[in-house]
Structure formats: C-alpha cells, structure tokens
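Have a look at the structure below before the remarks.
Keep in mind that the numbers below use all heavy atoms, side chains included, and drop hydrogens, waters and symmetry copies.
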Amino acid sequence: MSADLQMAAFGLALLSTLFLLLATCTDCWMVNADDSLEVSHKCRGLWRECVTNMQDGVRTCDQYDSILADHPVKIVVTRTLLITADLLAGLALTTLLLGLDCIKFLKEEPHVKLKMCYGAGVILGFGSILGLVGSVWYAVDVYMERAMLVSHNIFLGVHYDFGWSCWLGMAGSAGCFMASVLMTCCLY
C-alpha cells in the first residue's frame, strides 16, 4: 500500500510541478476580455506581453525592458513567489525520488527513506503555498484593477481577465499541496 501511495504522490507532484513551471514561463496571465468583435487577442504575462492577430494568426511579443526595471508590484511578487515555488518543488521531487521504495538508493534504511518522503512532502507543501499565494495575488490584483475602472466608469477599450497561465499556476499549486498532504499525512 505504501509503495502505491508513494507512486501516486510522486506522479501528482511531478505533474503539478510541470504545471507550475509552465505557468511561470508562459505569457498569458491576463487576457483581454472584451465582448466586442476583436481583431487581436492580447495576453500579458510575467515576462512579456503578446498580441495575436485573429485573422492571420501572426503573433508578436514585446519583452519587458529588464528583469531589474521598475515593474508593477503584482509582476515582481508573482515572479518571486513562483520561481521560489518552482525551486522548492524541484528539490522536493528530487528528495522524493530518492526516498521511493522502488529506488535502490538506501535500500537497507527504510526509516531514512520514509523520512526523505516526509521531508519532500514538507518542502513541497511550502512550495505549493508560495505558488498559490503568487497566483492568487496576481488574480486578485487583476480583479481589483478591473473593479476600480468599472467603479469609476472608466473604459479604456480593453479590460483584462484571468488567463490560462494564472489558472495553470493555481492548479499546479493545488496539486502540489495535495501531493504534500499525501506524503506527510498518509504515508505514516
């Protein structure tokens, strides 16, 4: 039973970590959400802003000036939290991989392997919380920006909604948290 639970936790952790990495690297955290007929689809991400022409499919992206340049707080905080979550999830995956019963590393020390799985669960839990806070922080900021414009009757022609990268970050963080719970609570 323990080996099956370990493999399920590892599979979930691996998939969720991939989701987190994709969310960090992709550039569709905010999408334009106009109800009118648009000729272009705009996405804003943590690293660049892209526009896709809907008629011919041509996509152009503008990189942000510099990583160290003055950016909005939501971009800086989300970048920091997601990069840290990615690093912690990678460390947890490596530790979990070495702690799996099916791996021959420390085969004679089952208690050490169990502690490695537990430690990986704790590390993954911290990473999942950071990823979730970063993703939700960004989503709340997008919502507040839109609500502020609506409350002041300001319409700039384009307003943004949550993009698939934001949802991917939330899903990856939630999956990492579930894998963490499996490793910390259910393996003992």
Same cluster or not: are [X] and [Y] linked, directly or through other Ile, Leu, Val, Met, Phe, Trp or Tyr residues, by side-chain heavy atoms under 4.5 angstrom apart?
{"X": "I129", "Y": "L91", "answer": "yes"}
{"X": "L14", "Y": "L98", "answer": "yes"}
{"X": "M7", "Y": "L15", "answer": "no"}
{"X": "L130", "Y": "L18", "answer": "no"}
{"X": "F162", "Y": "I75", "answer": "yes"}

Which distance, rounded to the nearest 0.5 Å, do you find between the [atom1] of [X] and the [atom2] of [Y]?
{"X": "L20", "Y": "D86", "atom1": "CG", "atom2": "CG", "answer": "5.5 Å"}
{"X": "I123", "Y": "L87", "atom1": "CD1", "atom2": "CG", "answer": "12.0 Å"}
{"X": "W29", "Y": "W47", "atom1": "CH2", "atom2": "CH2", "answer": "10.5 Å"}
{"X": "S173", "Y": "L82", "atom1": "OG", "atom2": "CG", "answer": "6.5 Å"}
{"X": "M183", "Y": "Q6", "atom1": "CE", "atom2": "CD", "answer": "10.0 Å"}
{"X": "T184", "Y": "L124", "atom1": "OG1", "atom2": "CG", "answer": "9.5 Å"}

Would you say F10 has more than 12 foreign heavy atoms packed within less than 6.0 Å of its CZ?
-> yes
CZ of F126: more than 12 outside heavy atoms within 6.0 angstrom?
-> no
State, yes or no, whether a side-chain contact exists between I83 and T24 at a heavy-atom distance under 4.5 Å.
-> yes
Donor-acceptor pair, side chain of [X] and main chain of [Y], under 3.5 angstrom:
{"X": "S135", "Y": "L132", "result": "no"}
{"X": "S180", "Y": "G121", "result": "yes"}
{"X": "T84", "Y": "T80", "result": "yes"}

Closest contact, heavy atoms only, [X] versus [Y]:
{"X": "L22", "Y": "T26", "value": "O-OG1, 2.7 Å"}
{"X": "T95", "Y": "M116", "value": "CG2-O, 3.5 Å"}
{"X": "G99", "Y": "C117", "value": "O-SG, 3.3 Å"}
{"X": "D27", "Y": "C61", "value": "OD2-SG, 4.0 Å"}
{"X": "M178", "Y": "L12", "value": "CB-CD2, 3.8 Å"}
{"X": "F19", "Y": "G172", "value": "CB-CA, 3.6 Å"}

Worked verdict on Y138 versus V77 for side chain to side chain contact (heavy atoms under 4.5 Å, CB included) = CA-CA 8 Å; Y138 196 93; V77 169; over 6 Å; no
Applying side chain to side chain contact (heavy atoms under 4.5 Å, CB included), run through L46 and R79 and close with a yes or a no.
-> CA-CA 7 Å; L46 302 177; R79 279 180 183 174; 4.0 Å; yes
For the Cys pair C50 and C28, is the SG-SG distance shorter than 2.5 Å?
-> no
